[in-house]
Structure formats: C-alpha cells, structure tokens
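A short write-up of the structure that comes next.
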Number of protein chains: 2
Amino acid sequence: KVMQADAVVLLGAEIVDFPSTWVKPGAAVIRCTPTLESGSVKCIVIVLEITCRGHPGILLGRVLFANVVHSCGRWLQEQQYQPWHLRSLKLQPLTPVPSDIEISRAQTPKSVDQLAEEVGLLPEELEAYGRSKAKVRLSLLDRLHEQPDGKYVLVAGITPTPLGEGKSTVTIGLVQALTAHLKLNSFACLRQPSQGPTFGVKGGAAGGGYAQVIPMEEFNLHLTGDIHAITASNNLVAAAIDARMLHEATQSDKGLYNRLVPSVNGVRQFSPIQISRLRRLGINKTDPASLTPQEVSTFVRLDLDPSKITWQRVVDTNDRFLRKITVGQASTEKGQIRETGFDIAVASEIMAILALADGLEDMKRRLARMVVGTSRCGQPVTAEDLGVSGALAVLMKDAIKPTLMQTLEGTPVFVHAGPFANIAHGNSSVLADKLALKLVGRDGFVVTEAGFGADIGMEKFFNIKCRASGLRPDAVVLVATVRALKMHGGGPNVSAGAPLPREYIDENLSLVAGGCRSNLRKQIQIAHLFGVPVVVALNVFKTDTQAEIDLVCQIAKECGASDAVPCHHWAQGGRGSLDLARAVNEAASRPGNFQFLYDIEMPITEKIRTIAQKVYGADDIELSPEAKDKIDYYNKQGYGSLPICMAKTHLSLSHMPDKKGVPTGFVLPIREVRASVGAGFIYPLVGTMSTMPGLPTRPCFYDIDLDPVTEEITGLF
Amino acid sequence: KVMQADAVVLLGAEIVDFPSTWVKPGAAVIRCTPTLESGSVKCIVIVLEITCRGHPGILLGRVLFANVVHSCGRWLQEQQYQPWHLRSLKLQPLTPVPSDIEISRAQTPKSVDQLAEEVGLLPEELEAYGRSKAKVRLSLLDRLHEQPDGKYVLVAGITPTPLGEGKSTVTIGLVQALTAHLKLNSFACLRQPSQGPTFGVKGGAAGGGYAQVIPMEEFNLHLTGDIHAITASNNLVAAAIDARMLHEATQSDKGLYNRLVPSVNGVRQFSPIQISRLRRLGINKTDPASLTPQEVSTFVRLDLDPSKITWQRVVDTNDRFLRKITVGQASTEKGQIRETGFDIAVASEIMAILALADGLEDMKRRLARMVVGTSRCGQPVTAEDLGVSGALAVLMKDAIKPTLMQTLEGTPVFVHAGPFANIAHGNSSVLADKLALKLVGRDGFVVTEAGFGADIGMEKFFNIKCRASGLRPDAVVLVATVRALKMHGGGPNVSAGAPLPREYIDENLSLVAGGCRSNLRKQIQIAHLFGVPVVVALNVFKTDTQAEIDLVCQIAKECGASDAVPCHHWAQGGRGSLDLARAVNEAASRPGNFQFLYDIEMPITEKIRTIAQKVYGADDIELSPEAKDKIDYYNKQGYGSLPICMAKTHLSLSHMPDKKGVPTGFVLPIREVRASVGAGFIYPLVGTMSTMPGLPTRPCFYDIDLDPVTEEITGLF
C-alpha cells in the first residue's frame with residue numbers, strides 16, 4: 001500500500017476504489033497498460049503512461065518502472081485468497097449461566113478490522129460502523145471469483161413451541177465449535193432481528209448463554225441500519241402512490257404532463273425512468289413534443305384502482321393499531337380516503353428483495369418491477385411506473401452489503417436480511433451466504449439459518465432461495481428440544497408468559513418418544529424430499545434427563561437422520577457443540593443429491609398443492625374464489641412460473657396452530673394469493689395470518705434501560 | 001499504545017474504554033494507584049497492584065514500574081488540547097459551475113480518521129461509519145473540560161422565498177474561508193436533512209456549488225441513522241400508548257397487575273421504571289404484595305383519555321395521506337378506533353430533545369418526562385408511566401453523538417439534530433456546538449445554523465437553545481439574496497417549479513432598496529434586540545448586478561449591520577467568502593452584550609405576546625378558547641416557566657405567508673397551544689401549520705438513480 005505518495009500507480013481496472021489517503025494533493029496518478037493478470041508472478045514489465053491530471057489527453061511521458069515490480073507482485077499476492085489465521089477468544093463459562101447481556105458484556109470483542117484481516121478480507125473491502133461491526137463490499141465476489149465455495153449447511157428446526165427452540169444458538173454454537181475448537185473455517189449467516197419482537201415479547205435474537213453474537217446490543221438495535229433503509233424505501237413508495245392518485249384526480253392530462261415533463265431552462269425532456277415507462281407502453285418516442293394526446297394520457301395516468309392497491313406501509317414496531325387504518329382524512333387530501341394498513345417492516349417485499357438479490361444490478365431490477373397495485377383497466381402498476389425505483393436503489397445501496405460481526409469465541413458472522421419466515425421467506429441473504437462461501441475456502445463451512453420449522457423456513461430456503469442463488473446445500477441441521485418433542489407427543493399447551501406444566505420439567509419418556517415418532521420424523525422426511533442429509537441437534541435444557549436425551553438421539557437415527565447429537569452450547573459455548581460439529585463435518589462430506597420439490601413451470605395451483613401435500617401432509621388444498629381469481633390474473637400477467645412463498649402458521653405443520661405432531665386428514669384453505677413480483681414469488685395466505693404483531697401488557701421494554709454514566713444497557717436478552 | 005501486550009497498565013478511571021486488541025488473551029490487567037493527575041509531568045512513581053484476573057481480591061504483588069513513566073507522560077500529553085494541523089483540500093472551481101453531485105464526486109474526501117486526528121480528536125473518541133463520517137464520543141467534553149471555548153457565530157437569514165436563500169452554503173463557505181484560507185480553526189454545525197424534502201421538492205441540504213459537505217450523498221441519505229433512531233423511538237411510544245389503552249379496556253385491575261408485575265421463578269418484583277411511577281403516585285412501597293386494591297388500581301391504570309392523546313406517529317417521508325388517519329380498525333383491536341396522524345420525523349419531540357440535551361443523563365430525564373396525553377381525570381401521562389423511557393434511551397444512545405464530516409476544502413463539520421424551524425425549533429444540537437467550541441480552541445470559530453428567517457430560527461436559537469446550553473453567541477451572520485430582497489420590495493410572487501419573473505433576472509434597484517429598508521432592516525433589529533452584532537452576507541447569484549450588490553451592502557450598514565459583504569462561495573468556494581470571514585472575525589472580537597428577549601418566569605401569554613410584538617411586529621395576539629384552556633391547564637401543571645417555541649410560517653414575519661416586507665397592523669392568531677415537556681418548551685400554533693409536507697406531481701426522486709456498476713448516484717442536489 002502506498003502511503004501519501006508523490007505518484008501512485010493504478011493497475012488498470014481492478015482498482016475501482018482508490019483511497020485518497022494514498023496520494024498527496026496534486027500528485028500524479030498513473031494508469032498501467034497493459035492490465036496485469038492474476039496468477040503467479042515472476043517478472044513484469046510495465047509501461048506507464050503519465051498524463052496531466054484533469055487532462056488525460058496530454059501525455060507527459062512513458063516510463064518503464066522496474067522498482068514497481070516488487071510492489072505489483074505483492075499487490076497481486078494480496079488479491080489472492082488468504083488462509084485464515086484466526087485468533088479465537090477464550091471462554092470461561094460460569095455456573096449458573098449469567099444473563100445474556102452479562103455474558104456478552106464480559107467478553108471484549110476483537111476490533112472488526114482485526115477480525116476482517118484474520119479471515120482474509122482486504123482493508124478496502126471493509127466499511128466499519130463503530131468498532132465491532134462493518135459492512136463488507138460486494139467487490140469481494142469478483143476478487144475471489146475463482147475460489148471454490150466451502151460447504152453449505154442449513155440450520156432448520158422441528159415445529160417449535162411459541163417459546164422457540166434455539167436455532168440461532170445452535171447455529172452460533174456450531175460455528176464456535178467448528179472454528180474455535182476444530183480449527184475449521186466457518187461463518188454463521190444470521191438474520192437481523194426486528195425491533196418489534198426485541199421490544200415486545202421475544203427479546204433479541206443474538207443467540208443466548210455462551211453461544212451469542214457480540215456485542216449483542218449492537219446486533220439487537222439499529223445494527224448498520226438495513227431495516228431502517230427498508231422502512232424508508234417502502235414508505236417512499238407508499239407516499240408516492242397516494243400522492244400520485246391525488247394528483248391524477250385533480251389535474252388534467254395536460255396539467256399532469258406539464259408537471260411530469262417540465263421545461264427546465266427552456267428544454268423539455270423525459271428522465272430515463274420515464275423513457276422506461278414509455279417503452280413498456282409501446283411508445284418509442286423520446287421527444288416530449290411528439291406524443292399524441294392519447295399517448296400523453298396513457299403516459300401520465302397510472303389510473304390506479306384505489307381498491308386494488310396491494311402496497312402497504314411498514315414500521316419496525318409491534319403496532320397492532322396500524323393493522324387496518326383509513327388514510328387521507330385531512331381536508332387537504334380532498335376526500336381521497338381509503339382503507340389500508342401497516343405491516344412489520346421485515347415483511348416488506350423490499351426485505352425479500354434484499355435477501356434474494358445477487359448484486360446491485362439485480363436488486364435495482366427487482367425494485368423496478370415491484371407491483372404496487374392494478375390500474376382500473378387491470379394492468380399492473382410498478383415502482384418504476386411511479387418513477388421511484390432509482391431512488392429506492394439509492395436508499396438501499398448500503399443495505400445490500402452484509403454486516404460482519406463475531407461470536408463470543410471470536411469467529412466470524414454475517415448478519416443480513418430479516419426474520420419472519422411465516423409471513424415472509426425469512427432467510428438470511430443470498431449475498432451473505434455467497435461472500436461467506438468464498439471466504440471460508442473449499443474445506444470451510446457456511447452455516448445459514450432458516451426461520452421457524454423445516455416445513456416453512458427450510459422449504460422456502462430450498463425452493464425459493466436456492467433456486468435464486470444456484471447454491472446447493474450439503475447438509476441440514478434439524479434442531480429439536482425435549483420440550484417441543486413432548487408437546488408433539490401429546491403434552492399440554494405451552495404458551496409464552498405462563499409457567500411450564502410439570503410434564504415439561506419432569507422426565508417423561510413416552511411423551512418424548514411420541515414427539516420423535518411424529519413431528520421429528522416428518523421434518524426429517526421433508527429434508528429428505530430434497531435429497532439432503534440431516535443431522536439432528538438436540539438443544540439440551542437443564543431439565544432434560546440423560547434417558548430423554550438418549551431416546552431422542554436413538555429414535556432420530558432410526559428415522560433416517562445421518563446422526564443425532566445433544567448440544568450444550570448454551571452452558572458451554574463451542575466446546576458444548578463439538579459432537580454436532582463433527583457430525584456435520586461427516587454428513588457434509590458425503591456426495592449430495594439435491595433436488596427441488598417442484599418444477600417451476602408447474603401451474604401455480606399445482607405448486608401450492610405439492611407443498612401442501614408433500615410437506616404439510618394435507619389431503620388437498622381449497623382455494624377461495626378470490627384466490628382462484630388472483631391465480632387466473634397472475635397467470636394472465638405472466639407470473640405463472642414464479643416459486644411459491646406460503647404464509648402459514650409456524651406452530652403446526654398444518655394451518656391450525658393447535659394441531660401438533662403430524663396432523664392428517666385436513667384440507668389446506670388458501671384464503672388469498674398475492675404476488676411479490678420484484679422479489680419473485682407468489683404468496684398464498686393460509687388461513688388468517690397477521691402481518692403485524694402486537695405488544696403484550698408488559699412488553700420487554702419495561703426492563704430495558706441505559707446507565708447514563710457507564711453507557712451499559714440492562715434488560716436486553 | 002500497547003499492542004498485544006502480555007500485561008497492560010490501566011491509568012485509573014480515565015481509561016473507560018479499553019480495546020481488547022491491546023492485550024493477549026489471559027494477560028494480566030494492571031490498575032494504577034494513585035490515579036495520575038493531568039498537568040506537566042516530569043517524573044512519576046507508580047505503584048502497581050497486580051491482581052489475579054477475575055479475582056480482584058487476590059493480590060499477586062506490588063511493582064514499581066520505572067519504564068512506564070515515559071509512556072504515562074506521553075499519555076498525559078495526548079490528553080491535552082492539541083493544536084490543529086489541518087491539511088486543506090485544494091479546490092479548482094470550474095466555469096460554468098457543474099452540478100452539486102458532480103462537484104462533490106470530483107473531490108476525494110480525507111479519511112475521517114485523518115480529519116479527526118488533524119483537529120485533535122483521539123482515536124478512542126471516534127466511531128467511524130464507513131470512511132468519510134464518524135460519530136464523536138461525548139467523553140471529549142470531559143477531556144477538554146478546562147479548555148476555553150472558541151467564538152460562537154450564528155447564521156440566520158432574512159425572510160426567504162420558497163426557494164431558500166442559501167444559509168447552508170453561506171455557513172459552509174464561511175468555514176472554508178476561515179480555515180482553508182485564513183488558517184483560523186473553525187467548525188460548521190449543520191442539521192441532518194430530512195429525507196422528506198430530499199426526495200420531495202427541495203432536494204438535499206449539503207450546501208451547493210463549491211460550498212458543500214462531502215460526500216453529499218452520505219450527508220443527504222441515512223448518514224449515521226439518527227433520524228431513523230428518532231422514528232423508531234417515537235413510534236415505540238405510539239405503539240405503547242394504543243396497546244396500553246386496549247389492555248386497560250379489556251382487563252381487570254387484578255389481571256393487569258398480574259401481567260405488569262408477574263411472578264418470575266416464584267419472585268414478584270417491580271422493575272425500576274415501575275418504582276419511579278409508584279413514587280410519583282405517592283406510593284412508597286417496594287413489595288408488590290403490599291399494595292392495597294386502590295393502590296393497585298391507581299398503579300395499573302394510566303386511564304388515558306383517547307380524545308386527549310397528543311402523541312403522534314412519525315415517518316421521515318413526505319406522506320400527506322397520513323396527516324389525519326383512523327387507527328385500530330382491524331377486528332383484533334375490538335373497536336378501539338380513534339383519529340390521529342403522522343408528523344414528519346424531524347418534528348418529533350424526540351428530535352427537539354436530541355438537539356437540546358447536554359448529555360446522556362439529561363436526554364434520559366427528558367425522554368422520561370415527555371407527556372403523551374392526559375388521563376380521564378386530567379393528569380398528564382408520561383413516557384415513563386408507559387414503562388418505555390429506558391428503552392427510548394437505549395434506542396437513542398448512539399444518536400446523541402454528533403457526526404463528523406468535512407467540507408469540499410477538507411475543513412471539519414458536525415452534523416446533528418434536524419431542520420424544520422417552522423414547526424420545531426430547528427437548530428443544530430447543543431452538544432455538537434459544545435464539542436466544536438472546545439475543539440476549535442480559544443481563537444477558533446464555531447459557525448452554527450438556525451432554520452429559516454431570523455424571526456423564527458434565530459429567535460428560537462437565542463430564547464430556547466442558548467437558554468438550555470448556557471452558551472452566548474458572539475455574532476450573527478444574516479443571509480440575504482437580491483432575489484428575496486426584491487420580493488420584499490414589492491416584486492411579484494416567487495414559487496417553486498414556476499419560472500422566475502423578469503424582475504428577478506434584470507437589474508431593479510428600487511425593488512432591492514425596498515427589500516433592504518423593510519425586511520432586512522427589521523431582521524437586523526431583531527438580532528440587536530438580543531444585543532448581538534450582525535454581519536449581512538449577501539449570497540450573490542449570477543444575475544445580480546454590481547449596482548444591486550453595492551446597494552444592499554450600503555443600506556445594510558445604514559440599518560446598523562456591523563458590516564455587509566457579498567459572498568461568492570457557490571462559484572468559488574472559501575476563496576469567495578474571504579470578505580465575510582474577515583468581517584465575522586472582526587465583529588466577533590468585540591465585547592458582547594447578549595440578553596434574552598423575555599424572562600422565563602413571565603406568564604405564558606406574556607411570553608407569546610412579547611415574541612409577537614417585538615419580533616414579528618404584531619399589534620397583539622388573539623388566543624382561541626382552546627389555546628386559553630390549554631395555557632390554564634399548563635400553568636396548573638407547573639409548565640408555566642418554559643420558554644416558547646412558536647410554530648409559524650417562515651414565509652412572512654407575520655402568520656400570513658403572502659405578506660412580505662414588514663407586515664404591520666395585524667393581530668397574531670394562536671390557534672392552539674401544546675407542550676413539549678421533555679424537550680422543555682410550550683409550543684403555540686399560529687394559524688394553520690402542517691406538520692407533514694406532501695409530494696409534488698414530479699418529486700425529486702424521478703431523477704435520482706444509481707449506476708449499479710460504478711455505484712455512482714445521479715440526480716441528488
């Protein structure tokens with residue numbers, strides 16, 4: 001690296017990002033011809049053309065630089081994949097296990113610069129946000145283009161109780177074991193938590209006990225602002241929709257056209273986004289004066305049908321009173337009132353796009369084609385029609401970069417995209433997984449998490465995310481708890497806030513066996529439908545007995561799991577997950593046989609039926625008349641070959657939250673079908689699914705506080 | 001600095017923040033006794049007590065370290081105020097002046113680490129957010145406690161046209177001139193722009209031409225997330241209000257009490273925030289079992305009157321359809337519908353608190369005492385009563401730190417708090433100003449900006465912000481343009497989007513003179529009411545003639561300005577503002593005579609009348625019956641001695657936007673009066689003031705786009 005040099009040599013197009021600190025003001029900037037190629041370098045002859053700054057046409061001279069050969073070689077060396085030299089952080093677990101925030105605070109994280117350097121990131125690929133988190137630039141994918149991917153492991157779960165069964169802690173414990181103890185490179189790819197649950201019932205999502213991402217308060221609060229960027233983008237679209245309807249309702253074609261294509265310093269021209277709309281309308285003109293009155297009218301009027309607007313506003317707060325609202329009631333809105341609602345921010349289509357995009361260009365295209373509603377003559381209206389999609393890409397330009405953090409044992413983690421696999425697809429991002437697969441190297445592991453039970457989170461991971469990314473998973477870790485297994489075996493109701501019934505505290509082998517032979521077996525079978533080996537990870541609680549633990553592992557293997565092991569990461573950190581790490585290493589080394597569940601070209605109804613029957617175990621599906629109409633409409637619009645993202649309760653394999661184990665003999669009711677055209681899926685709603693959680697009487701926030709002197713946070717968990 | 005040491009010496013309590021990277025895992029951590037005192041150090045004897053890690057009671061030995069004396073001395077040296085050694089960035093202005101984004105992109109900013117070091121910040125006081133912006137820790141105020149403040153200059157303006165007259169560009173041009181050209185230390189303190197106007201009509205707020213904050217796209221987009229944090233905090237309060245009303249409406253006292261004070265592992269206790277509420281209710285008990293049924297009922301029921309909730313939700317988007325809405329219309333909310341609305345995020349009381357707080361503790365206290373509504377028996381209900389104020393402090397813990405950026409010429413800028421001085425107080429933050437006043441040193445300058453015309457932004461700066469901070473301004477820069485002066489002199493209407501009438505393009509000395517002798521003279525007089533000298537800065541446009549420029553400067557001086565100078569920063573950068581810089585240096589060096597306009601203990605009505613008569617030139621005020629009732633209520637509640645934050649149009653000295661110049665013979669109508677108890681002011685609404693802007697037919701976003709390959713943004717201005 002050249003510090004404060006009088007002249008700087010740029011090696012062709014590879015150096016896109018050129019730090020100003022390298023060069024003195026006014027120093028010569030020199031571009032190389034020819035561009036170097038990567039590979040092993042013995043001897044290089046470089047002809048430099050030195051030009052006058054600001055006047056690239058004026059050639060000051062040609063020089064053959066001998067003394068840059070060494071630094072060029074070193075530069076090329078730095079561009080290569082670097083083996084990791086990770087310093088793990090020592091853990092000394094205490095008994096009893098302290099609170100999550102106490103454990104997190106007791107461990108001092110490495111600086112994120114150091115962590116990045118240890119895993120082979122270049123300084124210019126990092127954008128630090130404070131000391132312990134940083135965004136990683138996507139240029140990494142180009143640099144390590146030829147590097148083979150590591151192994152790809154998905155963590156999913158059996159159908160959970162409402163308390164959750166610890167998929168995040170298993171994920172974090174697994175990477176701590178792999179990297180800090182077995183010295184195998186690994187990355188965990190987690191989702192950024194929503195502030196709704198963090199301040200509501202659930203608390204944070206940074207793991208728990210001695211398997212956490214640190215600092216957990218950074219993870220659980222604003223992080224690097226991705227969800228805020230999604231909220232801002234989503235709500236800009238919403239404001240644009242209502243404002244446009246008002247303006248169309250109150251202005252003539254001519255008035256609209258004069259405002260949309262104004263004369264600026266005597267010149268009138270279309271902006272690029274307006275040219276795109278003209279192209280879609282089949283108007284191949286670029287001179288605003290040349291449009292016929294009919295063309296002007298077609299161009300200026302989106303003619304949105306107020307009753308067919310599908311775009312909702314969002315907040316990242318559990319605000320149940322915004323589920324259904326009436327807007328436009330101020331007199332300034334001239335009576336254009338309509339009913340609409342807010343969703344939780346992570347359910348925004350823009351979150352799904354962030355998770356599925358494979359780069360800036362792809363994200364921008366997806367944002368442009370998002371459908372926000374339908375015109376009165378039945379045409380879909382997109383974000384690009386509203387003229388807003390370029391601004392959305394600008395608002396999302398930083399959010400697309402995954403955030404690097406670390407576990408309690410100093411191993412790397414990417415945090416990206418969002419949760420809620422019941423009402424969204426709820427997976428970590430394609431980009432985070434891809435970056436991590438390059439960084440870990442051929443023999444390393446990327447452990448990524450899917451939301452809720454395998455029937456929804458994992459099914460969407462395979463059918464939607466893997467289809468978008470082209471990546472193929474090598475193994476599935478299926479998380480189970482004795483508690484959830486007992487519930488599926490016939491135990492009494494488990495609910496948040498109420499004390500656990502005795503059955504869940506005392507040994508009860510028959511309930512455990514019942515759960516294993518029903519829900520656990522079925523979830524293993526679902527993974528096998530996709531041809532992927534399954535390792536069952538039993539997340540051990542302190543009330544579990546050895547006989548219960550042994551029984552789960554035994555039956556899981558009988559049901560076809562490659563292996564089944566107890567995990568003690570919560571109490572012991574990575575050391576408690578060593579058996580899991582070894583089992584995953586073993587399972588992932590076998591040759592894969594991955595396949596999708598359905599062909600993308602199957603009719604929409606057949607795709608829904610396939611998921612309902614093969615995954616959920618339904619006898620059939622039943623479409624409401626509205627759902628049928630919507631499917632017909634989407635087929636007509638050419639959206640028929642999109643994959644399916646079911647919105648279904650996570651508390652049962654069926655649509656009925658109280659049916660545990662393996663429900664049978666039911667018909668799955670499809671109440672409504674929506675399309676997320678930008679994200680790229682059809683979105684059936686099964687039964688009644690709320691897209692906005694509420695706050696309980698005593699939300700988590702009652703205990704959350706900040707010491708103004710030490711700046712320590714209490715009450716986050 | 002000790003890198004990767006086997007032992008680390010901690011110099012008492014000064015080192016609060018101890019980077020993990022300094023010490024090897026398991027290394028000894030050694031604390032010094034006694035604590036060193038600052039001052040000039042010749043020789044130090046330090047007795048070290050080496051204790052066993054994790055067992056501070058076990059003393060391993062005492063050692064006298066000779067070889068730390070040098071590093072201790074160096075450490076003390078580093079803690080002292082450091083003279084600046086700023087490397088300014090060279091500007092080579094082009095003609096014609098390119099677009100703002102092109103100018104911004106053509107200049108490579110210094111890394112923010114380097115900038116921080118140049119102005120005497122320590123590395124541990126910086127939290128970088130990417131390469132070109134960083135939050136600065138408030139611990140700086142302790143470190144430089146004894147350092148005298150620099151000079152304090154306010155930039156205000158005459159009554160503007162709807163297009164704005166360039167206060168931000170004048171501010172930035174002035175610091176570029178002071179620091180890059182006259183070599184005097186200076187800081188500009190600017191407000192973070194709202195995304196509403198950025199994507200609406202106005203565009204960004206990073207300055208313009210060759211007087212800008214760079215990178216302007218960082219400045220204009222999410223920056224370091226402060227406004228997003230305000231939005232999240234504000235809306236958490238709103239969600240808590242409606243959820244609490246629902247829960248109180250549907251549960252018995254006993255049910256509420258059991259949920260609010262649940263038994264956890266057999267133990268039932270109040271959280272600290274609940275103890276606070278009990279104290280305020282006069283219930284001095286800590287055992288939940290000891291409350292009488294009457295006390296339980298008082299404790300659990302906030303009993304909010306739905307018609308008297310003053311808290312609104314916010315978004316940072318110009319979404320006019322949210323001005324008045326009905327919430328709670330989903331069946332799950334059981335008919336608890338009510339009318340409410342959204343404000344633009346920067347109008348949130350939490351933004352006002354951010355701007356006025358003098359530290360974390362003060363911010364937390366202010367957040368706790370925010371009044372959200374009134375109970376059915378007339379008692380104010382606070383954020384602390386809702387149990388949410390600790391969580392708000394946690395959400396706002398990073399937002400309280402100002403963001404460091406730089407101008408086009410590499411001089412430092414703080415960005416903090418928000419705009420909209422018409423509906424809020426609209427000043428940069430007390431904390432940014434205080435940090436900057438320490439950093440610039442005794443002879444340096446802090447140039448801070450107040451929103452809109454001097455009648456609102458400056459009046460609030462003096463009466464609210466200076467009262468809260470205890471800081472005293474040394475000079476006012478009053479920004480004028482020939483355009484605005486012509487308008488006040490009787491020129492035709494100026495409106496956004498429409499071409500400027502000829503009067504504004506051709507020379508017209510009589511209109512200019514009319515404007516100078518009316519609005520300009522009055523605004524100078526307003527500054528003099530506070531005893532502060534005024535320098536008039538004429539922001540020169542390319543259509544201004546020399547005769548017009550000379551006339552403005554001549555009349556301004558006749559009207560009592562200390563000086564009046566033309567400014568060419570837009571076309572020339574700091575070099576174009578050298579005359580202004582010299583004039584400000586001269587004016588600020590005179591002894592000050594600052595005084596407040598009104599005594600804080602005057603009755604509310606008298607304070608409003610004083611502002612109306614002395615500042616706006618009204619004959620009197622007229623209170624609506626609602627306003628009178630509210631004032632009586634606030635007096636009864638003990639809010640009578642708060643300062644006044646008028647919500648008034650910025651387009652006229654009066655409440656009538658079309659009355660230009662110096663309106664006389666009017667009575668100011670006070671439609672409503674609100675209290676921002678946490679921020680600490682009474683908030684009268686003059687006439688009809690919208691707290692939510694709208695989008696025009698063709699918002700700025702039509703031109704905003706991102707190149708997915710180069711990542712360059714176009715269309716921001």
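Naming: A, B, ... by sequence-line order, numbering from 1 per chain. Both backbone and side-chain heavy atoms feed into the values below; hydrogens, waters and symmetry mates do not.
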Region of A/T326 that comes under 4.5 Å of a non-hydrogen atom in chain B: both

Interatomic distance, A/M245 atom CE to B/F321 atom CZ [nearest 0.5 angstrom]: 6.0 Å

Heavy-atom check, side chain of B/T332 versus side chain of A/K324, under 4.5 Å: no

Shortest non-hydrogen contact from B/L706 toward A/A393: CD2-O, 3.7 Å

Aromatic plane relationship, A/Y129 with B/Y129 - under 30° parallel, 30 to 60° tilted, over 60° perpendicular: tilted

Minimum side-chain heavy-atom gap B/T697-A/R244 below 4.5 Å: no

Side chain to side chain, A/V315 and B/R313, heavy atoms closer than 4.5 Å: no

Chain B contact via A/E248 - which portion, at a heavy-atom distance below 4.5 Å: neither

Nearest-0.5 Å distance, CG of residue A/D705 to OG of residue B/S271: 9.0 Å

Option that, when pairs with chain B are counted at under 4.5 Å, heavy atom only, ranks first among A/T231, A/N318, A/L386, A/L716: A/L386

Chain A contact via B/L260 - which portion, at a heavy-atom distance below 4.5 Å: both

A/E712 portion near chain B, given a 4.5 angstrom heavy-atom threshold: neither

Interface moiety of A/N235 toward chain B, non-hydrogen atoms closer than 4.5 Å: both

Heavy-atom pairs under 4.5 Å with chain B, option from A/G225, A/A128, A/A106 with the top count: A/A128

Pairs of heavy atoms under 4.5 Å with chain A: top-ranked of B/G255, B/A243, B/G328: B/G328

Part of B/L392 within contact of chain A (heavy atom distance under 4.5 Å): neither

Heavy-atom proximity to chain B below 4.5 Å, by part of A/I337: neither

Atom group of B/D242 that falls short of 4.5 Å from chain A, counting heavy atoms: both

Option that, when pairs with chain B are counted at under 4.5 Å, heavy atom only, ranks first among A/G196, A/G387, A/S331: A/G387

Greatest number of heavy atom pairs closer than 4.5 Å to chain A - which of B/V261, B/T198, B/L246, B/D398: B/L246

B/T710 OG1 to A/L360 CG distance, which is reported to the nearest 0.5 Å: 9.5 Å

Which portion of A/Q195 sits near chain B, non-hydrogen atoms under 4.5 angstrom: side chain

Rounded distance (nearest 0.5 Å) linking atom CG of A/L322 with atom CD1 of B/I325: 6.0 Å

Polar side-chain atom of B/K364 near backbone of A/P708 as donor-acceptor pair, under 3.5 Å: no

Over all atoms of both residues, closest heavy-atom pair of B/A232 and A/H228: CB-CE1, 4.1 Å

Winner by heavy-atom pair count (cut-off under 4.5 Å) against chain B, out of A/K135, A/Q107, A/Q274: A/Q274

Distance-minimising heavy-atom pair for A/F701 and B/A391: CB-CB, 3.6 Å

Interchain contact, A/I227 with chain B, by part (heavy-atom threshold 4.5 Å): neither

Separation between CG of B/L236 and OG1 of A/T317, rounded to the nearest 0.5 Å: 6.0 Å

Structural part of A/Q92 lying under 4.5 Å from a heavy atom of chain B: neither

Residue selection (most heavy-atom pairs with chain A, distance under 4.5 Å) from B/K133, B/E217, B/Q336: B/Q336

Heavy-atom pairs under 4.5 Å with chain A, option from B/A134, B/A229, B/G694, B/P499 with the top count: B/A229

Heavy atoms of other groups near B/R338 CZ, more than 12 under 6.0 Å: yes

Taking every non-hydrogen atom, the tightest pair across A/H247 and B/P696: CE1-C, 3.3 Å

Expected output: side-chain B/R323 to main-chain A/E333 donor-acceptor under 3.5 Å: no

Engaged part of A/R320 at the chain B interface, taking heavy atoms whose separation is under 4.5 Å: both

A/Q251 portion near chain B, given a 4.5 angstrom heavy-atom threshold: side chain

Side-chain (B/H222) to main-chain (A/L395) donor-acceptor, under 3.5 angstrom: yes

Separation of B/R131 CZ from A/E124 CD (nearest 0.5 Å): 7.0 Å

Which atoms of A/V394 approach chain B - backbone, side chain, both or neither, heavy atom under 4.5 Å: both

Which portion of A/F199 sits near chain B, non-hydrogen atoms under 4.5 angstrom: side chain

Side chain, backbone, both or neither of A/A240 within contact of chain B (heavy atoms, under 4.5 Å): both

Under 4.5 Å from a heavy atom of chain B, the part of A/L221 involved: side chain

Verdict with supporting geometry, B/Q329 and A/E339, side chain to side chain contact (heavy atoms under 4.5 Å, CB included): CA-CA 9 Å; B/Q329 294 180 313; A/E339 273 192 0; 4.3 Å; yes

Backbone of A/N258 reached by a side-chain donor or acceptor of B/R698 within 3.5 Å: no

